[in-house]
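Note that these values count all heavy atoms, side chains included, but never hydrogens, waters or copies made by symmetry. We name chains A, B, ... by the order of the sequence lines, and we start the count at 1 in each one.
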Amino acid sequence: MKIVFFGSDDLAKENLEALIASGQRVVACVTQPDRPKGRTLQLSSPLPKEFALKNNIEVFQPLDLKDKVFLERLRSFEADLFVVIAYGRILTDELLAIPKIFSINLHTSLLPQYRGAAPIQWAILNGEVQTGVSIIKMNAQLDEGDVIAQKIMTIDREENAVSLKEKMKNQSPPFLLDTIQNIERGEFCFMKQDHDKATFAPKLTKEMGRIDWTKEAHVIHNCIRGLVPWPNAYTYVESKMLKILQASVVEMEQLGGVPGEILAILKDGFIVRAGRGALLIKKVHLESSRLMDAKSFISGYKMKVGFRFR
RNA sequence: CGCGGGGUAGAGCAGCCCGGCAGCUCGUCAGGCUCAUAACCUGAAGGUCGACCGUUCAAAUCGGUCCCCCGCAA
């Protein structure tokens with residue numbers, strides 16, 4: 001099939017790669033404009049762009065999706081299908097109407113749950129034990145289109161947003177290819193989403209990462225797991241921000257101390273009291289320093305039992 | 001010219017302001033104590049103080065140039 005691909009991140013790039021490898025005719029790739037990135041503010045390209053160019057696929061990075069010239073160029077490909085994965089913008093009806101069959105979107109949740117920008121992270125933040133990927137027929141409303149296929153995936157107890165996304169990068173391409181083949185053969189149906197059951201996964205914010213040590217240990221743990229690699233769960237050591245990148249919930253019967261206090265220092269980390277339960281902190285990243293294991297942090301900064309994080 | 005922190009033993013840091021013996025916690029190795037141990041005691045190994053240039057009797061420390069890492073902001 002003739003496909004126009006829309007996507008901007010690493011998950012998109014994996015799927016684009018799989019589409020091309022499978023022999024589908026990807027005729028164009030639409031992605032976000034290059035943006036300044038990093039400390040040096042150097043312009044950087046979305047991952048799918050690089051990949052598309054290497055494969056001699058025409059790349060579009062429109063600022064305005066209603067731009068007449070852009071729309072005309074897209075029409076001129078006479079594509080069968082638009083495939084949209086983490087493109088980062090809502091497509092208009094006019095755009096969605098261009099392909100001969102329709103436009104599909106691969107979304108990283110079991111819709112109607114977790115519509116929006118950060119479904120992977122929110123599933124973990126809420127302590128879900130399963131999530132998945134959905135392929136829907138797109139309409140102009142955000143993640144509301146009819147479901148064509150879904151794949152369920154489990155979330156392990158120690159899974160974090162990075163490892164879960166990695167799983168999806170591995171498992172979504174075959175799922176996407178199968179689904180496209182089914183569409184090609186006409187072997188598919190639409191399942192309406194139950195809009196009453198819809199939940200939302202809005203963009204993450206920096207503030208969400210601030211650890212409230214009076215919360216239950218597993219809630220803080222979900223925050224640590226769900227907010228990597230950005231914005232991360234963090235607390236403060238005096239005036240310096242300390243990101244906590246990896247931890248596990250510790251079952252302890254009797255807890256002394258107050259929330260945020262270091263209760264013990266062990267070989268593989270240190271234990272901090274939460275509102276209920278405690279956490280074994282394993283990996284941290286102190287402001288201005290680099291990522292380090294918790295034991296190194298304790299060694300270098302002379303942390304002692306009884307120290308209290310704020 | 002966006003703001004800021006940093007590079008010192010295998011890891012993490014102090015020392016720099018005010019130049020004068022290379023330090024701390026952890027790890028490693030050897031030995032001791034112990035019913036035992038991740039605890040405790042004794043000892044040891046391990047360094048181009050990011051690189052180069054300059055100042056000085058003397059530079060981790062002062063001045064200059066460059067390289068690399070990180071946080072914020074975007």
If the [atom1] atom of [N] is compared with that of [M], how far apart are they to the nearest Å?
{"N": "C72(B)", "M": "G64(B)", "atom1": "C1'", "result": "28 Å"}
{"N": "G12(B)", "M": "G7(B)", "atom1": "P", "result": "11 Å"}
{"N": "U61(B)", "M": "G54(B)", "atom1": "C1'", "result": "15 Å"}
{"N": "A11(B)", "M": "A51(B)", "atom1": "P", "result": "15 Å"}
{"N": "A59(B)", "M": "G19(B)", "atom1": "P", "result": "14 Å"}
{"N": "U65(B)", "M": "U28(B)", "atom1": "C1'", "result": "39 Å"}
{"N": "A22(B)", "M": "A60(B)", "atom1": "P", "result": "8 Å"}
{"N": "C40(B)", "M": "C21(B)", "atom1": "C1'", "result": "31 Å"}

Taking only side-chain nitrogens and oxygens of Y301(A), does any of them come within less than 4.0 Å of OP1 or OP2 of C13(B)?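 Indeed, a polar side-chain atom of Y301(A) lies that close.
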Is S289(A) near enough to G71(B) that one of its side-chain N or O atoms lies under 4.0 angstrom from OP1 or OP2?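 S289(A) to G71(B) OP1/OP2: no side-chain N or O under 4.0 Å.
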Would you indicate whether the side-chain heavy atoms of P62(A) and D67(A) approach each other to under 4.5 Å?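 With C-beta onward as the side chain, the pair stays apart.
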Taking the side chain as every heavy atom from C-beta outward, state whether D143(A) and N105(A) have any pair of such atoms under 4.5 Å apart.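 Counting from C-beta outward, D143(A) and N105(A) do come under 4.5 Å.
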Please report the distance, rounded to the nearest Å, between [atom1] in [X] and [atom2] in [N].
{"X": "I244(A)", "N": "G71(B)", "atom1": "CD1", "atom2": "C1'", "result": "16 Å"}
{"X": "M292(A)", "N": "C69(B)", "atom1": "CE", "atom2": "C1'", "result": "12 Å"}
{"X": "L242(A)", "N": "G71(B)", "atom1": "CG", "atom2": "P", "result": "13 Å"}
{"X": "L291(A)", "N": "C69(B)", "atom1": "CG", "atom2": "C1'", "result": "13 Å"}
{"X": "E207(A)", "N": "C72(B)", "atom1": "CD", "atom2": "C1'", "result": "13 Å"}
{"X": "K206(A)", "N": "G71(B)", "atom1": "NZ", "atom2": "C1'", "result": "8 Å"}
{"X": "D293(A)", "N": "A11(B)", "atom1": "CG", "atom2": "P", "result": "11 Å"}
{"X": "M303(A)", "N": "C13(B)", "atom1": "CE", "atom2": "P", "result": "13 Å"}

At under 4.0 Å between heavy atoms, how does the protein contact nucleotides 23-30 of chain B? Give one character per nucleotide, 5' to 3', with B, S or -. -BBS----
Quick one: are the ring centres of F82(A) and Y87(A) less than 6.0 Å apart?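 Ring centres of Y87(A) and F82(A) not closer than 6.0 Å.
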Kindly state whether the ring of F297(A) and the ring of F307(A) have centres lying under 6.0 angstrom apart.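 Ring centroids of F297(A) and F307(A) are no less than 6.0 Å from each other.
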Is any side-chain N of the basic residue among [X] and [Y] closer than 4.0 Å to the acidic one's carboxylate O?
{"X": "D178(A)", "Y": "K151(A)", "result": "no"}
{"X": "E72(A)", "Y": "K68(A)", "result": "no"}
{"X": "K169(A)", "Y": "E166(A)", "result": "yes"}

State the pairing partner of [N]; accept Watson-Crick or G-U wobble contacts with both distances under 3.5 Å, and report none otherwise.
{"N": "G20(B)", "result": "C57(B)"}
{"N": "G43(B)", "result": "C29(B)"}
{"N": "C3(B)", "result": "G71(B)"}

Heavy atoms under 4.0 Å, any strand shown: does S288(A) hit a base, just sugar-phosphate, or nothing?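 If one applies the 4.0 Å heavy-atom cut-off, S288(A) turns out to touch a base.
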Taking any heavy-atom pair under 4.0 Å as a contact, classify K240(A): base, sugar-phosphate, or nothing.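 Contact class for K240(A): none.
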Distance-only donor-acceptor check, side chains Q113(A) and T199(A), under 3.5 Å: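 On atom types as modelled, these side chains do not qualify, holding no pair under 3.5 Å.
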Do we see a donor-acceptor contact under 3.5 Å between the side chains of R115(A) and H195(A)?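 There is such a pair between these side chains.
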Pairs where residues 219-229 of chain A contributes a residue and the test salt bridge (charged side-chain N to carboxylate O under 4.0 Å, His left out) is met, not counting sequence neighbours: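 Sorted pair list comes back empty.
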Polar atom pairs between nucleotides 39-47 of chain B and protein, under 3.5 Å, N or O only, would you list them?
none

Stepwise side chain to side chain donor-acceptor pair (under 3.5 Å) test for T31(A) and Q61(A): CA-CA 5 Å; T31(A) 189; Q61(A) 299 177 279; 5.6 Å; no
